[in-house]
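Data first, discussion second: the structure below is written as structure tokens.
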Amino acid sequence: MSNNHTASAEALVRWEHPELGFIPPDEFIPLAEEIGLIVPMGELILRKACIQAVRWIEELGANAPSVAVNMSSFQFQRQHIPTLVKEILINTGLPAHKLILEITERLLIVDTDEILRQLQEIRELGVGLSIDDFGTGYSSLSYLKKFPITKLKIDKAFIQDMETDEENMALVDSILNMAKSLKLEVVAEGVETQEQEDILRERGCDFAQGYLHSRPLYRKDFIDYLINQN
């Protein structure tokens, strides 16, 4: 958080229904998982995100941000993700270090040995691994030591009101100290005020994500945002 440079951007998916308008992912992703559409949908999202990240590199060179893509636990259970990631990286030309896969704590308690093998293969490709919404699921030191995670994203529920909520502040401090001891980078989600960012910076948080810096943007608008930032 030493400057306002955009280090990475999270890919967001929205369903624009002709009659119902925009439907948020927390409504249609569970349905996609239930009926098996999450595998082709997830592959399409990952491919499009990597293509977009290549365009950022073409526009900005080395200063281009990496792209973070959420992965469902169902995708890991129903296909070999390292093979998919390798194929997409080759076909799009995106350098592996410019891609971060975001997973949930839930994934790490499902078929642990197989998941561990897949995550290790992904890291061997040079792709980053981040735990999304950390602290809301099955937080455990044992899996943080066992799995090849590179980042933790503190859930926004802990960031909100941390200036006045002593319990939230204590939890944020605990996560930051734990991550530092494990040499993990930390992203604070849901940062909306300068005061929140200042507190996190003082405590050694690496990155901030939230409306303080930008609301979600369409692809073209994001390119303009990056160019203006540089």
Side-chain angles (χ1 to χ4, degrees), residues 1-14 22 24-27 29-30 49 65-73 99-109 119 128-218 221-222 225-226 228-229:
M1 270 196 228
S2 59
N3 54 52
N4 288 325
H5 174 69
T6 301
S8 66
E10 182 177 353
L12 302 178
V13 58
R14 296 291 184 268
F22 281 101
D26 59 353
E27 292 186 19
I29 292 296
S66 57
V67 64
V69 181
N70 290 281
M71 303 293 291
S72 165
S73 60
L99 174 63
I100 303 167
L101 299 185
E102 295 193 356
I103 59 177
T104 63
E105 297 169 83
R106 170 187 174 186
L107 173 66
L108 304 183
I109 64 167
L119 295 180
L129 288 170
S130 174
I131 298 182
D132 198 16
D133 302 330
F134 183 78
T136 60
Y138 308 90
S139 304
S140 168
L141 279 173
S142 61
Y143 74 63
L144 286 180
K145 290 177 62 178
K146 181 177 182 180
F147 291 92
I149 305 301
T150 57
K151 279 187 176 69
L152 297 182
K153 297 185 73 174
I154 304 177
D155 188 79
K156 64 182 179 181
F158 302 121
I159 304 301
Q160 294 171 350
D161 302 323
M162 69 176 182
E163 309 97 310
T164 55
D165 189 318
E166 292 184 2
E167 290 185 355
N168 273 7
M169 192 69 261
L171 287 168
V172 170
D173 279 335
S174 297
I175 294 172
L176 288 169
N177 290 333
M178 176 184 62
K180 183 177 180 180
S181 67
L182 295 173
K183 296 180 173 56
L184 300 175
E185 292 183 321
V186 180
V187 181
E189 298 181 297
V191 177
E192 297 185 354
T193 69
Q194 189 60 54
E195 183 180 2
Q196 289 173 343
E197 182 167 278
D198 291 342
I199 291 171
L200 291 163
R201 181 185 288 110
E202 290 172 2
R203 284 165 163 75
C205 186
D206 300 290
F207 304 101
Q209 175 181 336
Y211 286 177
L212 175 63
H213 295 288
S214 177
R215 290 180 175 271
L217 298 171
Y218 286 103
D221 295 332
F222 186 64
Y225 172 81
L226 293 175
N228 292 332
Q229 190 178 70

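When reading the values below, keep in mind they use all heavy atoms of this one structure, side chains included, and skip hydrogens, waters and symmetry mates.
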For this session: Return yes when atom CD of Glu166 has more than 12 non-hydrogen atoms of other residues, nucleotides or ligands closer than 6.0 Å, and no otherwise.
Result: no
Please enumerate all residues that pass side-chain contact (heavy atoms from CB on, under 4.5 Å) together with [X], with sequence neighbours excluded.
{"X": "Gln194", "result": "Glu197, Asp198, Arg201, Leu212"}
{"X": "Gln160", "result": "Lys156"}
{"X": "Gln196", "result": "Ile159, Met162, Glu163, Val191, Glu192, Thr193"}
{"X": "Ser174", "result": "none"}

Quick one: are [X] and [Y] in side-chain contact, heavy atoms under 4.5 Å?
{"X": "Thr6", "Y": "Tyr225", "answer": "yes"}
{"X": "Phe134", "Y": "Leu184", "answer": "no"}
{"X": "Val67", "Y": "Leu99", "answer": "yes"}
{"X": "Ile199", "Y": "Glu195", "answer": "yes"}
{"X": "Arg14", "Y": "Pro25", "answer": "yes"}
{"X": "Val172", "Y": "Ile175", "answer": "no"}
{"X": "Asn70", "Y": "Glu10", "answer": "yes"}
{"X": "Leu144", "Y": "Leu152", "answer": "yes"}

Between atom [atom1] of [X] and atom [atom2] of [Y], what is the distance when rounded to the nearest 0.5 Å?
{"X": "Asp133", "Y": "Phe158", "atom1": "CG", "atom2": "CZ", "result": "9.5 Å"}
{"X": "Met71", "Y": "Ser130", "atom1": "CE", "atom2": "OG", "result": "13.0 Å"}
{"X": "Leu176", "Y": "Leu200", "atom1": "CG", "atom2": "CG", "result": "7.0 Å"}
{"X": "Glu102", "Y": "Ile131", "atom1": "CD", "atom2": "CD1", "result": "11.0 Å"}

For this session: Let me see the working for Ile103 and Ile149 under side-chain contact (heavy atoms from CB on, under 4.5 Å), right down to the final yes or no.
Result: CA-CA 10 Å; Ile103 59 177; Ile149 305 301; 4.0 Å; yes
Partners of [X] by side-chain hydrogen bond (donor to acceptor under 3.5 Å, both in side chains), sequence neighbours excluded?
{"X": "Glu189", "result": "none"}
{"X": "Asp132", "result": "none"}
{"X": "Ser8", "result": "none"}
{"X": "Asp173", "result": "Arg203"}

For this session: Would you please test Thr150 and Glu185 for side-chain contact (heavy atoms from CB on, under 4.5 Å) and show each step?
Result: CA-CA 6 Å; Thr150 57; Glu185 292 183 321; 5.9 Å; no
Problem set entry | Check: Ala157 main-chain N/O paired with Asn168 side-chain donor or acceptor under 3.5 Å | yes
